[in-house]
Structure formats: structure tokens, C-alpha cells
Amino acid sequence: MLETAYLRSHPEEARKRLGKRNVDADALLAEADRLDEQRRSTQNALDAKQAEMNAQARTIGELMKAGKKAEAEAAKAHSGELKEAIAGLKDALDAAEKALHDHLCTIPNVPQDRVPEGKIPDDNAVVMQHGAIPELGTGAKPHWELAEEYGLFSLEMGVKLTGAGFPVYTGQGAKLERALISFFLDRAAEAGYIEVIPPLLVNADSAYATGQLPDKESQMYHATADDLYLIPTAEVPITNLFRGDILGADQLPVKRVGYTPCFRREAGSYGKDVRGLNRVHQFDKVEIVRIEKPEHSNAALEEMVVHVRGLLEALELPYRQLLLCGGDMGFTSAITYDMEVWSAAQKRWLEVSSISNFETFQSNRLKLRYRGEDKKPHLAHTLNGSALALARIVAALLENNQTPEGIRIPKALQPYTGFPLIVKK
RNA sequence: GGAGAGGUGGCAGAGCGGUCGAAUGCGGCGGUCUUGAAAACCGCUUUGCCCGCAAGGGCAACGGGGGUUCGAAUCCCUCCCUCUCCGCCA
């Protein structure tokens, strides 16, 4: 959620930056301005009445103490209408605050200046590309066929247990999954991220604070008996760890990493996007989260990108880095890089990481602050990135490394799998 | 799931319905003293919103919500949470 203070102090900048989104920036900001103005004038009126009320109560207290009963009673006479006025203003203030808040919830974060213009994924900028695109011979198989052949995972088994989109990993496939998780966690630890194993269910307050609620409710599984939500990403519990905190300047930066399964309903998806592991309802992901001072958040973003590139290079996967255009960015982000790996049999790029700087958009809802040089609390910047999302990495690894002898495991991963080659069962 | 206890400032812990945003202790910050440090002593030390260039001022907040009252941290209702014991259990 954007800060009204920012909108008031930088109206032109906000309008310009928001203009890169597929939204009517002028209308959204004008309405925000109007509602904010209304809220403040109501607040002023209420404050004045309450000050009056307080003064009167104090007077009556003093009269009572002095034993001037009659005068005290007389002073009470006026209080009825004051009370009524206050009640009315309170209702008006609640309504004004709610209207403003609801409206602010519909305004996406303002993109940074370097975010490219554009409305669709084709407008994203390719920042860099790394690694040769492998040419597989004829007979190359997509990962879902390889999975069957080598007994690595089964979506059919998942259907029996749960429903579509819940893979069951078996044998070397299960081992590969576990190896990747350990590998990613170890690399993050080396980079200074402290590991966290959070709950997989969160309450509505948490889901709200990181922005999954109210707008993306349909993305999450909801355990209604206890009113808890299955996390769609570790970002939710890990970022919420710091909800409401005021961190000391010496506590920054905060660097956390967490492995969790992620649960997504993915309502409305269909077609080639959902074949095999391309899009599933449950997948494993290692997520890195950072809390930074504003002046350092963009440098932190680049550090995260370098970290993720290192992972992809260690896995010997061809990849490219995109800078998302204004129209394709997530609602809460100020700037996002996507990392995509080449899936050689499908001959397409698969998104395996999204690395974003949210600036104060999330921390405003989280009320996550740090104490600045001036000893006062300021909203911190939050960032996160996948490092990495497992299912699609597995898909690319299987496809790109298939050979007549079996599926080759990248060297860096072999200490974790314990085998250099996936062979037929 | 059953029974009981409790939710106050960073922590601990007070608080007759009337200047209580809140005693006191600890912690933290600044200062005096000291060659330095410790100790001792003195002062400061919550957050949000609003008005203001600032100085400063106003309003709100003692788990959440509602009620009683001229006035509530203090009384009533309700919800939530935590802890202890019992049951069940990886």
C-alpha cells in the first residue's frame, strides 16, 4: 500500500511512475487525494470536539473535588450534544478511513524510473542471457515423459491422493528434489542468509500484511475450519516475522532464507502451461528475503540477482534475466527481475525466479520500520526472490541433460544427490 | 477436547473511576566523577494521526470490539490470545 505522505509530497513523481502501469494513474491518484483530504478534515473536526470534551470532564472533576456539586451538575448539561457530535464524527472518520484504505488497496506500487514502458510480457527487457542453448537430437523427450521412463515423479499418483497438480516424487526424483533444496539452502547460508523453517499455514493478518489478501484470495488454499491459509510462498511467513517491528539501524540488513512447499490454487490456468511440472498446485521453493534501509535496497536487489545467477550457472542451465515492464510487474513491486531457464525439449523459457524490490509498499502494511539516524522510525524496504523454485528447475534439468545413458546430474549437485547419473529403474 | 490463571511501556512489575501515557526496578541513551573502566549520582528514554517552516500544540492507544459514566487501564458484556494442569499424541 502506498503512503499518503508520499502521494502528498511527490504527486508529480507518483503520477509519472504509476503511468507505466496498465492503470488510469490520474484518476486513481485524484481519488486518493480527495479521500485523504476528507479523512484529514474529519480528523481535525473530531480532535477539536474531543479536546472540548476532555476540558469539560476535567472541569467537572475539579468541581466535584471542590464539593461544588450544583455547578458540576450544571456543567454536565452541555455534554449530551457534545457526545452526540463526537459519536457522529467518529463514524464519519471510520468511514473516511475505510474509504481511503480501500481505495489505496487498489493502487499498485509505483514502478522505478528504470522500469521499461510496456503492457505485455513481450515488452519486458532482456537484461542478459547466459549459456548455450542445447540442441537435443531427435527423440528428445519432455520432462513428463522422462519422469515416467525413469520413475522420477508421477502426477497420476497425486490425482489419486489429492487431485490434479500435486506431483508425487519417487526414487531418484525424490532424491534430486531433496538435493536441490539442500544445495540452494547451503549456497544461501554461504551468502549470509539465516535459515528459517516457518509454519506452512498462516492467519489472515499475515496474508493481508504481505498483500495476498484481500485481492489475491483466490490464489490461496483456505483451511476454513481454523481460518488459516496455506502459504503460496515462504515470503509470507518470513516477511511477517517482522510485522510491526521497529528494528535498530544496527540490525539491518536482515537476510533470511527459507525452504517451504508452496501451495497455489492457480484457478483459471490451462493448456501447455500446466503440462508436467510447468505449473502445479504444490511445489518446493527456497526463498530469500531481505529487509534494507532505503538507500541500500537497490544494491541489495542486484546482490540477490548475482546470487541467483550463481545458482543457475552452478546447475549449468542456460538462462536469461528479464527486467519486467510496468504492465507485467506484480502489484506490490517497484521493480522486478525474472530469471528464466531454457527447457530444451519444450523449447521454451520457464520462469524459475522472480526477484523484487517492494520498497515501502509491503512495509507500510506490515508496519515494519527501522530507527534512522534521526532516532525516528521509518519504513524499511523489503525485497525477496526465489532462489530457486524447484519444479521448473527439475523440468529443465531433466530435459537439458538427457543422454542415451541416462540423465546427467550437474557436478555441483552430485555431492547432494550422491549419484552422477539418473538411470532407468 | 476438559479445568483453572492471566493479558499494562524493550523486559519485569504497580495501578482508590477524575491531569495515568501510566509508579518502581532492570535495560538503553546522554552527562558528572575517573588516566581509562567499573561503581555512584543526575537527566532522558512508546507509538500513530492531525495542525505548524519551526518552536510547539491537539487527538488517540493499557490484547480486539462493544457498553455504563460528565469522565475508564480501572466497572459490565463479548471475542481473541497466552500460560498451567488433565486427556490425546509425532
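Residue numbers start from 1 in every chain, and the chains themselves are labelled A, B, ... in the order their sequence lines are given, proteins ahead of strands. A quick note: this is a predicted structure, and the numbers were derived from the prediction, not measured. As a basis for the values below, the full set of heavy atoms in this structure was taken, side chains included, without hydrogen atoms, waters or symmetry mates.
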- Task: Look at A/Lys119 together with A/Asp123 and state whether they make a salt bridge at an N to O cut-off of under 4.0 Å.
- Result: no
- Task: Sticking with atom P, work out how far B/A60 lies from B/C20, rounded to a whole angstrom.
- Result: 15 Å
- Query: Salt bridge between A/Arg290 and A/Glu303, side-chain N to carboxylate O under 4.0 Å?
  - Reply: yes
- Message: Without decimals, in angstroms, what is the distance between A/Lys90 NZ and B/A61 C1'?
- Response: 12 Å
- Item | Complementary nucleotide for B/G36 - Watson-Crick or wobble, under 3.5 Å | none
- Message: Distance check, P atoms only: B/C42 and B/G64, in whole angstrom units.
- Response: 36 Å
- For nucleotides B/G31 and B/A39, find the distance between their C1' atoms and express it as a whole number of Å. 16 Å
- Identify, with sequence neighbours excluded, every residue that meets ring pair (Phe, Tyr, Trp, His ring centres under 6.0 Å) alongside A/Tyr208. none
- Query: Can you check the A/Asp205 CG to B/G63 P distance for me, whole Å?
  - Reply: 17 Å
- Task: Determine the interatomic distance between P on B/G7 and the same-named atom on B/G15; round to the nearest Å.
- Result: 11 Å
- Message: One thing to verify: whether A/Glu359 and A/Arg17 come together as a salt bridge, which I'm taking to mean a side-chain N less than 4.0 angstrom from a carboxylate O.
- Response: yes
- Who is the Watson-Crick or G-U wobble partner of B/C83, with both distances under 3.5 Å? B/G4
- Item | Pairwise P distance for B/G17 and B/C76, with rounding to whole Å | 11 Å
- Message: I'd like to know whether A/Glu13 forms a side chain to side chain donor-acceptor pair (under 3.5 Å) with A/Tyr6, so could you lay out the CA-CA distance, the side-chain angles of the two residues, the decisive distance to 0.1 Å, and finally the verdict.
- Response: CA-CA 10 Å; A/Glu13 183 188 300; A/Tyr6 167 75; 2.8 Å; yes
- Tell me: CD of A/Glu62 to P of B/U19, nearest whole Å? 10 Å
- Looking at residues at least two apart in the chain, or sitting in another chain, which of them share a ring pair (Phe, Tyr, Trp, His ring centres under 6.0 Å) with A/Phe419? none
- Provide the Watson-Crick or G-U wobble partner of B/C62, both distances under 3.5 Å; none if there is no partner. none
- Looking just at side-chain N and O atoms, do A/Thr210 and A/Gln212 make a donor-acceptor pair shorter than 3.5 Å? yes
- Item | Partner set under salt bridge (Lys or Arg N to Asp or Glu O under 4.0 Å) for A/Lys411, not counting sequence neighbours | none
- Task: Report the residue (A/Asp94 or A/Lys83) whose heavy-atom-nearest nucleotide on RNA chain B is the more 5′ of the two.
- Result: A/Asp94
- Query: Is it true that A/Glu190 and A/Lys255 have a side-chain N and a carboxylate O under 4.0 angstrom from each other?
  - Reply: no
- Any strand is fair game: report the nucleotide pairing with B/G28 by Watson-Crick or G-U wobble, both distances under 3.5 Å, or none. B/C44
- Identity of whatever pairs with B/G52 - Watson-Crick or G-U, under 3.5 angstrom: none
- Provide the distance between the two P atoms, one in B/G67 and one in B/C81, to the nearest whole Å. 23 Å
- Task: Name all residues meeting the ring pair (Phe, Tyr, Trp, His ring centres under 6.0 Å) criterion together with A/Tyr337; count only those two or more places apart in sequence or in a different chain, and write none if there are none.
- Result: none
- Query: When the distance from CD of A/Glu84 to P of B/C70 is rounded to whole Å, what number comes out?
  - Reply: 14 Å
- Message: Using atom P in both nucleotides, what's the gap between B/A38 and B/G56 to the nearest angstrom?
- Response: 32 Å
- Message: Please determine whether side chain to side chain donor-acceptor pair (under 3.5 Å) holds for the pair A/Glu3 and A/Asn364, giving the CA-CA distance in whole Å, both sets of side-chain angles, and the decisive distance to 0.1 Å.
- Response: CA-CA 7 Å; A/Glu3 301 163 80; A/Asn364 190 28; 5.8 Å; no
- Using purine N1 to pyrimidine N3 plus N6-O4 or O6-N4 for Watson-Crick, or N1-O2 and O6-N3 for G-U wobble, both under 3.5 Å, which nucleotide pairs with B/A22? none
- Over how many whole Å does the gap from A/Asp374 atom CG to B/C29 atom P extend? 18 Å
- Message: Strictly under 4.0 angstrom, non-hydrogen atoms only: write out the protein contact profile of nucleotides 42-49 of chain B, one letter per nucleotide from the 5' end, B, S or -.
- Response: -----SSS
- Query: Going by heavy atoms closer than 4.0 Å, what residues in residues 48-57 of chain A are next to RNA chain B?
  - Reply: A/Gln50, A/Ala51, A/Met53, A/Asn54, A/Ala57
- A/Lys367 NZ to B/A61 C1', in whole Å, measures 15 Å
- Message: Taking only the C1' atom of each, what is the distance from B/G4 to B/C70 in whole angstrom?
- Response: 39 Å
